[in-house]
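See below for the structure under consideration.
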Amino acid sequence: MELLLRMQNISKSFGTNQVLREVQFELRAGEVHALIGENGAGKSTLMKILMGIYSADSGRITVFGKEQTFESPSQALHAKVAMIHQELNPIMELSVAENIFMGKEERRGIFVDKKKQEEKTREYLGMLGVEIPPGTLMKELNVSEMQMVEIAKALSYGARIIIMDEPTSAITDSEVEKLFGNIRKLKEQGAGIVYISHKMNELFEISDRITVFRDGQYTVTAETKNVTPQRLIKAMVGREINEIYPEHKSHAGETLLSVKNAGREGEFKDISFELHRGEKLGIAGLMGAGRTELVMALFGARKLTGGSVEIKGEAVDIRTPRDAIRRKIALVTEDRKLYGLNLIGCVGDNIVSVVERKYSKGIFHNRRKCNGLAEDMVKRLSIKVTGIRQITGSLSGGNQQKVVLAKWLLNEPDIIIFDEPTRGIDVGAKTEIYKIIEELACEGKGIIIISSEMPELIGLSHRMIVLHEGRMTGGLDIDELTQENIMTLASGCGKGDA
């Protein structure tokens, strides 16, 4: 089998922090080679070295049989090496088609041929089973739709080496299956796929080989069929994680939230449910079902156009996020870096951002009090930092997520909404987040969870409501939480209709 890529003895340091130590990686034609490890293990850094985003301190790279060092991503793309980044970076004011063809515009003479670009955009999105009008501005898309556009953009280059860094982090099972179908087609055409993911079930479904990194070092490469999830987890974290999801110890108490016939024109309609103290309620559905739109409306980030909401038996009108915060509602958003954090700010300032006004007099802040609160939350949630003045963007995904949660917990919320709580987080950090969620439920918080990872949603929830195209198709109790039942409802069928 043809060897497309060989990376040997690659080392890389940022200042005094060595992130890669003489690692190795190979990719063959017609294979999916998964690259896994905890956040900070060096996976993405290695691929960015290949793409010319970073330069290696030492080592050799061979691409298509020729020793090669790309000086920029555009040079790599022209050599048919493409990368789908975990962190989306579209030009929000441009259209879907303009984003896909940026830097390689279709032209008719000196003019950009927009019609041809839109035709080809439909073709690439169609390969993924996605129907998004090519002229739609990127800012009008949700995170999962943006992710699909990024995947289509990579496919448009006809690359033989395609790096997919957490490509399914914001898409649901239906879109994952479509993506996997296209990956298999690319394999048949002789392409090689580097697949970076924290989702263990995906690795065993789509990959042929798996390489594990730990703390910037190469650990092992194995044929997927010859390894178990337990062996991979141990190779990643240096220990065994026997219970990924914690035991349900919390119990439902009084009704905290009652939603009746909630609707928002064009997004969802007639949604009714209750949330109790100590309960973890899952909200399931495929892309476009209205899950995120619903919780954004409950948080005041969008306006309900129908229905009613009660908190602790009192009718409320939540028009803004500030109203929701006053009503002790917290929202941990699906894109923590876009909506949840100031990445260039320090950890301490991010943590106290929601409550800072409580400890201010005019333009003056009680810095000592705020620092003390931040330090307490760092200890409570075991956030790994050098100190509260550390820049938030330098933290791993799991620790960034803990910072988002810390800022909300300082406001002592009764209701906490988690939208994709472990997106882009490694398996070790996931278990920590799951334990925190269970602890919060045991404290009497009402928890709402949205997740595109079906095992996660099942493992965390006491019960679940399922949406399909903006409507609620049913509810499931804990003994009914199976992938088959959820997918039946998510596809628009009622219980027993499939």
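Residue numbers run from 1 in the order of the sequence given.
Side-chain N/O atoms of Ser72 and Gln75 include no donor and acceptor closer than 3.5 Å. Using modelled atom types, one finds a donor on one side chain and an acceptor on the other under 3.5 Å when comparing His248 with Lys280. Side-chain atoms of Gln390 and Thr386 include a donor-acceptor pair closer than 3.5 Å. With hydrogens and angles left out, the side-chain atoms of Glu432 and Ser382 include no donor and acceptor closer than 3.5 Å. Side-chain contact, Tyr434 with Glu456: a donor N or O sits under 3.5 Å from an acceptor N or O. With no hydrogens or angles considered, no side-chain donor-acceptor pair links Ser95 and Lys114 at under 3.5 Å.
Ring orientation note: the planes of Phe180 and Tyr195 are nearly perpendicular, at an angle over 60° on the 30°/60° scale. Ring geometry for Trp408 against Phe299 counts as perpendicular: the plane angle is over 60°, on a 0 to 90° scale with 30° as the lower cut.
Checked by atom type and distance alone, the side chain of Glu375 never pairs as donor or acceptor with a backbone atom of Ile388 at under 3.5 Å. At distances below 3.5 Å, not a single donor-acceptor pair connects side-chain atoms of Lys116 with backbone N or O atoms of Arg107. Here the side chain of Tyr218 pairs a donor or acceptor atom with the backbone of Thr221 at under 3.5 angstrom. Distance alone, capped at 3.5 Å, places no donor-acceptor pair between the Tyr157 side chain and the Val81 backbone. Checked by atom type and distance alone, the side chain of Asn399 never pairs as donor or acceptor with a backbone atom of Ile383 at under 3.5 Å. With Lys12 contributing its side chain and Leu46 its backbone, the two residues share no donor-acceptor pair below 3.5 Å. Although no hydrogens or angles enter the test, the distance criterion places a donor-acceptor pair under 3.5 Å between the side chain of Gln117 and the main chain of Glu106.
Remark: Lys104 NZ is packed, more than 12 non-hydrogen atoms of other residues, nucleotides or ligands lying under 6.0 Å away. In this structure, Asp215 places its CG atom where only 12 or fewer heavy-atom neighbours from other residues, nucleotides or ligands lie under 6.0 Å away.
Arg389 has its side chain within reach of Asp349: a pair of non-hydrogen atoms, C-beta onward, lies under 4.5 Å apart. Residues Leu440 and Leu409 form a side-chain contact, since some pair of their non-hydrogen atoms from C-beta on lies under 4.5 Å apart.
Evaluation of the side-chain hydrogen bond (donor to acceptor under 3.5 Å, both in side chains) rule for Glu412 yields no partner, not counting sequence neighbours.
Among pairs with a residue in residues 42-68, those fulfilling ring pair (Phe, Tyr, Trp, His ring centres under 6.0 Å) read Phe14-Tyr54, at least two apart in sequence or across chains.
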